[in-house]
Peer 1: 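Here it is: the structure, laid out below.
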Amino acid sequence: MTSKKLDYAQPSLEGIIRIPGDKSVSHRSIMFGAIAEGTTTVEGFLQSDDCLSTIDCFQKLGVEISIEGDKVKIISKGITHWKEPDEILYTGNSGTTTRLMLGILAGSSVSSVLIGDESIQKRPMRRVTDPLKQMNAKLIGRETGQFTPIAVEGTKLQAIHYTMPVASAQVKSAILLAALNANGETVVEEIETSRDHTEKMLEHFGANIAVDNKTIRLLGGQKLNGTAVVVPGDISSAAFFLVAGAIVPSSKLTLTNVGLNPTRTGIMDVLQAMGASFTVNDAANSSHEEMGTIEIESSPLVGTEIGGELIPRLIDEIPIIALLATQANGKTVIKNAEELKVKETNRIDAVVNELKKLGANITATDDGMIIEGPTTLHGGDLLTYGDHRIGMMAAVASLITTEPVTIDNAGCIAVSYPTFFEDISSVIK
Ligand code: S3P
């Protein structure tokens, strides 16, 4: 664990950043490439710790995967040809790897054991293992399948009609991936629309999937064929620079390659509501996902209310939105966001504790937080809780603090954005 002193002395920011690959899409590109028959090529892959955990799991399952920079090649004979791993599959810090792998492995023909790091070992898995068991999956884990390590004995699954109790793309995706290898038609009903990368990628790999508002139908037994995937940049990574551009005085940033899938663009709605000054230019799509360029400059901001259907569209951006709100005039209320308590760390507590240390006027609530702005932030020693997004929030805060900020663990940022500090340095004027 390496601490890092961030002493940027109140710079302004100017320049262009090409946003690195989307974490959710990168994971799925490997998973789908491994399930499919044939060769899959991936361009723009995010080489972060989390996505490398996914690659490592599939290599242990005998899938041939080679990486060259941001290009990945996957050669697979399909899910029925995987080898039974003779080692435990280690999913690191990645909730997406852990939960989606459970869905995939449940309907495979191999037996395996999954384990993650300290944070993963505390994150709830019954949201996935319960519906999978209803599909006939054979899973054993601590506290009746709530926590890893979890052992999976691949078996023939049954389709399910499942109404999701939480808005979660990880749960939805685990069920859909299991449904591919189940008898009959699976129906998943969401309470709010969560990111739809799995549905989009199923289609891209040749599956028939029907999406009608919040209801998704997928017939089991469909074969996927290897294909070419272009990964857009991660709007959740862009978010840190969108906020930096909006709050660091006299700044102007251009962010290229940004994924603009509408199930992910909640932060743009918030920036708009707060009066931020930005433009979005959609690029001609070279990917199965929307992408484009965003230009943003600093401007006066006002508080806003964030809740309801917006929450799943910006769930990972809430830490950095909280920092944004400390610089807006008036009150910002974030509600219906109790899911933050079961992320890499409890992000309600982490955000509130750490921003308070810098002098923010912020209060935790049962399902979110309330922030009164604007406040001048001073320096301090902040904790990341080993959570990449808390680390990056602290680093962006340090761009406007009157004194330096020290973070206890800079290494955790590599989970989603290994080149984050290089990208900051490249736009400091
Ligand atoms: C993800 C879904 C979200 C998000 C996570 C990635 C995905 O989690 O927070 O970073 O790739 O499906 P939930 O589905 O648990 O909300």
Side-chain angles (χ1 to χ4, degrees), residues 21-32 45-46 48-51 53-54 91-104 116 119-120 122-131 146 162 164-178 188 190-202 214 216 229 231-232 234-240 259 261 263-267 289 309-321 336-348 350-351 367-368 387-393 412-413 415-417:
D22 187 280
K23 181 158 74 70
S24 293
V25 178
S26 294
H27 281 304
R28 286 162 174 80
S29 67
I30 304 302
M31 293 171 176
F32 278 81
F45 180 78
L46 174 69
S48 74
D49 289 355
D50 263 13
C51 299
S53 294
T54 294
T91 60
N93 189 245
S94 176
T96 305
T97 311
T98 312
R99 296 197 176 113
L100 272 58
M101 289 298 295
L102 286 170
I104 297 169
S119 155
I120 281 294
K122 291 189 205 118
R123 294 183 69 186
M125 296 297 151
R126 277 191 60 177
R127 52 181 53 204
V128 169
T129 55
D130 280 355
Q146 179 68 316
Y162 193 65
M164 302 216 333
V166 282
S168 162
Q170 291 180 356
V171 175
K172 171 176 66 176
S173 302
I175 298 170
L176 290 175
L177 287 162
V188 179
E190 294 200 84
I191 41 169
E192 296 288 1
T193 302
S194 62
R195 65 190 67 190
D196 64 358
H197 303 301
T198 298
E199 296 90 307
K200 286 211 154 88
M201 211 175 268
L202 276 165
K214 297 192 179 79
I216 304 147
V229 178
V231 180
D234 199 326
I235 192 165
S236 298
S237 298
F240 295 97
N261 177 320
T263 62
R264 297 285 300 281
T265 51
I267 188 165
E289 294 262 354
E309 62 85 31
L310 199 49
I311 296 296
R313 294 180 54 232
L314 49 65
I315 188 71
D316 291 342
E317 286 65 82
I318 293 177
I320 194 65
I321 288 173
N336 312 128
E338 45 281 272
E339 274 295 297
L340 291 176
K341 294 179 184 168
V342 290
K343 293 294 174 191
E344 284 81 334
T345 188
N346 178 333
R347 285 187 178 158
I348 297 183
V351 166
D367 65 348
D387 183 331
H388 52 131
R389 300 201 198 279
I390 303 298
M392 288 188 275
M393 175 201 74
C412 65
I413 291 171
V415 153
S416 67
Y417 202 157

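Both counts, for ligands and for their atoms, begin at 1 and track the order of listing. Residues: numbered from 1 along the sequence shown.
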Peer 1: On a heavy-atom basis, I'd like to know which of Arg99, Lys23, Arg28 is closest to atom 12 (O) of ligand 1.
Peer 2: Arg28

Peer 1: Compute the minimum heavy-atom distance from Lys343 to ligand 1 and say whether it is under 4.0 Å.
Peer 2: yes

Peer 1: Atom 4 (C) of ligand 1: which protein heavy atom is closest, and how many Å away?
Peer 2: Asp316 OD2, 3.3 Å

Peer 1: Under 3.5 Å, side chain of Ser48 to main-chain N/O of Tyr417, donor-acceptor pair present?
Peer 2: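 The answer is no, because no donor-acceptor pair under 3.5 Å joins these two groups.
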
Peer 1: Does Ser26 reach the main-chain N or O of Leu46 with its side chain, forming a donor-acceptor pair under 3.5 Å?
Peer 2: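 A pair under 3.5 Å: yes.
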
Peer 1: Who's the nearest protein heavy-atom neighbour of atom 6 (C) of ligand 1, and how far?
Peer 2: Thr96 OG1, 3.4 Å

Peer 1: Are His197 and Ser24 close enough that a side-chain donor and a side-chain acceptor fall under 3.5 Å?
Peer 2: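 Their side chains do not contain a donor-acceptor pair, so the 3.5 Å distance test is not met.
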
Peer 1: Does the Asp22 side chain pair with the main chain of Val25, one donor and one acceptor, at a distance under 3.5 Å?
Peer 2: yes

Peer 1: Carefully, step by step, assess Asp234 and Arg264 under the rule salt bridge (charged side-chain N to carboxylate O under 4.0 Å, His left out).
Peer 2: CA-CA 9 Å; Asp234 199 326; Arg264 297 285 300 281; 2.9 Å; yes

Peer 1: Give me the residue, atom name and distance of the protein heavy atom closest to atom 1 (C) of ligand 1.
Peer 2: Gln170 NE2, 3.6 Å

Peer 1: Can you find an N or O of Ser24 that's nearer than 3.5 Å to an N or O of ligand 1?
Peer 2: yes

Peer 1: Could you tell me whether Arg195 approaches ligand 1 through its side chain, its backbone, both or neither, with non-hydrogen atoms closer than 4.0 Å?
Peer 2: side chain

Peer 1: Within the structure, is a non-hydrogen atom of His27 found at a distance of less than 4.0 Å from ligand 1?
Peer 2: no

Peer 1: Indicate yes or no for a side-chain donor-acceptor contact from Lys172 to the backbone of Ser194 under 3.5 Å, with no hydrogens or angles considered.
Peer 2: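 Yes, because the side chain of Lys172 sits within donor-acceptor range (under 3.5 Å) of the backbone of Ser194.
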
Peer 1: Is any side-chain N of the basic residue among Asp387 and Lys343 closer than 4.0 Å to the acidic one's carboxylate O?
Peer 2: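 No.
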
Peer 1: Purely on distance, is any nitrogen or oxygen of Ala169 under 3.5 Å from one on ligand 1?
Peer 2: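 Yes, since at least one N or O of Ala169 sits under 3.5 Å from an N or O of ligand 1.
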
